[in-house]
Amino acid sequence: MEQIGCYRYNVLFRETADYPDRLLPLELPLLYFRGDISLLGSPSVSIVGARKASPRGIKSAQMLASGLSQLGYTIVSGLAAGIDAAAHSEAIRCKGKTIGVIGTPINAYYPRENRALQEKIASEHLLLSHVPFFRYSRQDYQKNRLFFPERNRIMAALSDATIIAEASNQSGSLIQARECFRLKKKLIILKPMLDDKTLTWPKTYMAQGA
């Protein structure tokens, strides 16, 4: 276990035997983590989507997280506002398991309003970060934003399937969708998005195998 000031965390190196095979295609040198590392080997499904989610999107994420948790799946998401927070919170409420993959250092909270949720996941479930905190502290905001797409790729690799509960045409969740295609993982799109004529991506991705 390592420590930043009074903040404790662990490091999982790619060269070690307990590094998950699922993440090998990403060629990440290491992962920082807090919590139950055994969850990396559990059956898991990502539930991701919009930060500014509609009430219907939130409800969908909650229903999915509840049902999948009861079936024994670990819920993976990115600890963002909206869909992510709803999926994590519902998995916890149902006494299921959840993995939070963040795009900031393991000792940071984004968004700040999810601090209590992140701490609960870290203490009772599993929190992962690929972001080097010293480098993060020395870079500007524009460069640090590039850590978020990699977070979505990690979630795609960790999960047996990804469900996009709600997403715009510019959503970061589409990065995860494309990674699912690359890794030959299941991608599931909810019907309300297929019916939404303002969205162009659902039919395109359905044609590619979602």
Side-chain angles (χ1 to χ4, degrees), residues 9 11-16 18-35 37 39-51 61 64 73-85 87-88 98-106 108 110-111 114 118 121 125-133 135-136 139 141-189 201-202 204-206 208-210:
Y9 65 95
V11 184
L12 185 65
F13 293 96
R14 180 182 171 86
E15 293 81 6
T16 57
D18 53 354
Y19 192 88
D21 290 343
R22 295 177 178 187
L23 293 179
L24 290 175
L26 301 184
E27 299 185 356
L28 294 168
L30 57 85
L31 280 171
Y32 304 94
F33 74 92
R34 293 176 64 198
I37 198 67
L39 291 179
L40 290 179
S42 63
S44 58
V45 175
S46 280
I47 301 174
V48 296
R51 287 177 169 84
L64 288 163
Y73 287 94
T74 296
I75 304 302
V76 179
S77 201
L79 260 166
I83 297 296
D84 292 16
H88 286 305
T98 189
I99 299 173
V101 185
I102 57 176
T104 52
I106 197 77
Y110 180 81
N114 281 352
Q118 181 170 317
I121 290 171
H125 302 268
L126 178 63
L127 180 70
L128 294 177
S129 172
H130 62 295
V131 182
F133 41 88
R135 177 180 163 191
Y136 189 91
Q139 290 186 160
Y141 173 74
Q142 294 296 328
K143 289 181 179 178
N144 283 337
R145 288 178 63 185
L146 299 177
F147 289 118
F148 283 90
E150 192 64 28
R151 174 198 64 168
N152 286 95
R153 296 185 184 100
I154 291 170
M155 289 193 287
L158 278 180
S159 305
D160 299 303
T162 289
I163 302 173
I164 301 180
E166 186 173 74
S168 69
N169 288 320
Q170 292 78 41
S171 174
S173 298
L174 303 188
I175 295 169
Q176 186 160 338
R178 292 190 289 273
E179 190 68 5
C180 287
F181 292 141
R182 188 180 80 85
L183 297 173
K184 296 179 172 54
K185 297 291 187 82
K186 293 179 181 178
L187 175 64
I188 298 165
I189 303 168
W201 69 266
T204 299
Y205 285 22
M206 286 289 288
Q208 294 179 44

**Student:** Evaluate the side-chain hydrogen bond (donor to acceptor under 3.5 Å, both in side chains) criterion for residues Thr74 and Ser44: first the C-alpha distance (whole Å), next the side-chain angles of each, then the deciding distance (0.1 Å), finally the verdict.
**Tutor:** CA-CA 4 Å; Thr74 296; Ser44 58; over 6 Å; no

**Student:** Side chain to side chain contact (heavy atoms under 4.5 Å, CB included), that's the test. Do Gln118 and Tyr110 meet it? Break it down for me.
**Tutor:** CA-CA 9 Å; Gln118 181 170 317; Tyr110 180 81; over 6 Å; no

**Student:** Can you tell me how far the CG atom of Leu12 sits from the CD atom of Glu15, to the nearest 0.5 Å?
**Tutor:**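 One finds 10.0 Å between CG of Leu12 and CD of Glu15.
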
**Student:** Got Arg14 and Glu27 here, is their nearest side-chain heavy-atom distance under 4.5 Å?
**Tutor:**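 Yes, at least one pair of side-chain atoms sits under 4.5 Å.
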
**Student:** Would you confirm whether Ser77, through its side chain, and Leu79, through its main-chain N or O, come within 3.5 Å as a donor-acceptor pair?
**Tutor:**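 Judged by distance alone, no pair lies under 3.5 Å.
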
**Student:** Donor-acceptor check, side chain of Arg34 to backbone of Leu128, threshold 3.5 angstrom: yes or no?
**Tutor:**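 It does not hold such a pair.
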
**Student:** Do Met155 and Ser46 have side chains that approach each other closer than 4.5 Å (heavy atoms only, starting at C-beta)?
**Tutor:**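 Yes, side chains in contact.
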
**Student:** Could you tell me whether a side-chain N or O of His130 sits under 3.5 Å from a main-chain N or O of Phe147, the two making a donor and an acceptor?
**Tutor:**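 Yes; at least one donor-acceptor contact below 3.5 Å.
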
**Student:** Would you check if the side chain of Thr16 reaches a backbone N or O of Phe13 as a donor-acceptor pair within less than 3.5 Å?
**Tutor:**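 Yes, Thr16 side chain to Phe13 backbone: donor-acceptor pair under 3.5 Å.
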
**Student:** Does Ile37 form a side chain to side chain contact (heavy atoms under 4.5 Å, CB included) with Asp18? I'd like the steps, not just the answer.
**Tutor:** CA-CA 9 Å; Ile37 198 67; Asp18 53 354; 5.8 Å; no

**Student:** Just by distance, with hydrogens left out, do His125 and Thr98 show a side-chain donor and acceptor under 3.5 Å apart?
**Tutor:**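 Note: His125 and Thr98 side chains miss the donor-acceptor criterion.
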
**Student:** Do the non-hydrogen side-chain atoms of His88 and Ile121 ever get within less than 4.5 Å of each other?
**Tutor:**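 Yes, at least one pair of side-chain atoms sits under 4.5 Å.
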
**Student:** Under the 3.5 angstrom rule, does the side chain of Asp160 hit a backbone N or O of Val45 as a donor-acceptor pair?
**Tutor:**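 Not at all, since once roles are kept as given, no pair shorter than 3.5 Å links the two residues.
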
**Student:** So, do Val48 and Ile164 sit near enough that their side-chain heavy atoms are less than 4.5 Å apart?
**Tutor:**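 Yes, side chains in contact.
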
**Student:** Has Arg51 got a side-chain atom pairing as donor or acceptor with Ala81's backbone, closer than 3.5 angstrom?
**Tutor:**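 Judged by distance alone, no pair lies under 3.5 Å.
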
**Student:** Using side-chain heavy atoms (C-beta onward) and a distance below 4.5 Å, is Phe148 in contact with Val131?
**Tutor:**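 Result no, sub-4.5 Å side-chain heavy-atom pair not found.
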
**Student:** So do Leu40 and Leu126 actually touch side chain to side chain, heavy atoms under 4.5 Å?
**Tutor:**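 When only atoms from C-beta onward are counted, Leu40 and Leu126 do touch, with a gap below 4.5 Å.
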
**Student:** Partners of Ser129 by side-chain hydrogen bond (donor to acceptor under 3.5 Å, both in side chains), sequence neighbours excluded?
**Tutor:**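 Listed in chain order: nothing, the list is empty.
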
**Student:** For Ser171 and Ser168, indicate whether the former's side chain and the latter's backbone hold a donor-acceptor pair under 3.5 Å.
**Tutor:**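 Flag not set: sc Ser171 to bb Ser168 has no pair under 3.5 Å.
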
**Student:** Determine whether Thr162 and Ile188 make a side-chain contact, defined as any pair of heavy atoms from C-beta on separated by less than 4.5 Å.
**Tutor:**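 They are not in side-chain contact.
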
**Student:** Does Arg153 use its side chain to pair, donor to acceptor, with the backbone of Gln176 at less than 3.5 Å?
**Tutor:**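 The answer is no, because no donor-acceptor pair under 3.5 Å joins these two groups.
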
**Student:** Between Asp84 (side chain) and Gly78 (backbone), is there a donor-acceptor pair under 3.5 Å?
**Tutor:**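 Such a contact is found between Asp84 side chain and Gly78 backbone.
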
**Student:** Do the side chain of Glu179 and the main chain of Glu150 share a donor and acceptor less than 3.5 angstrom apart?
**Tutor:**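 Answer holds: no.
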
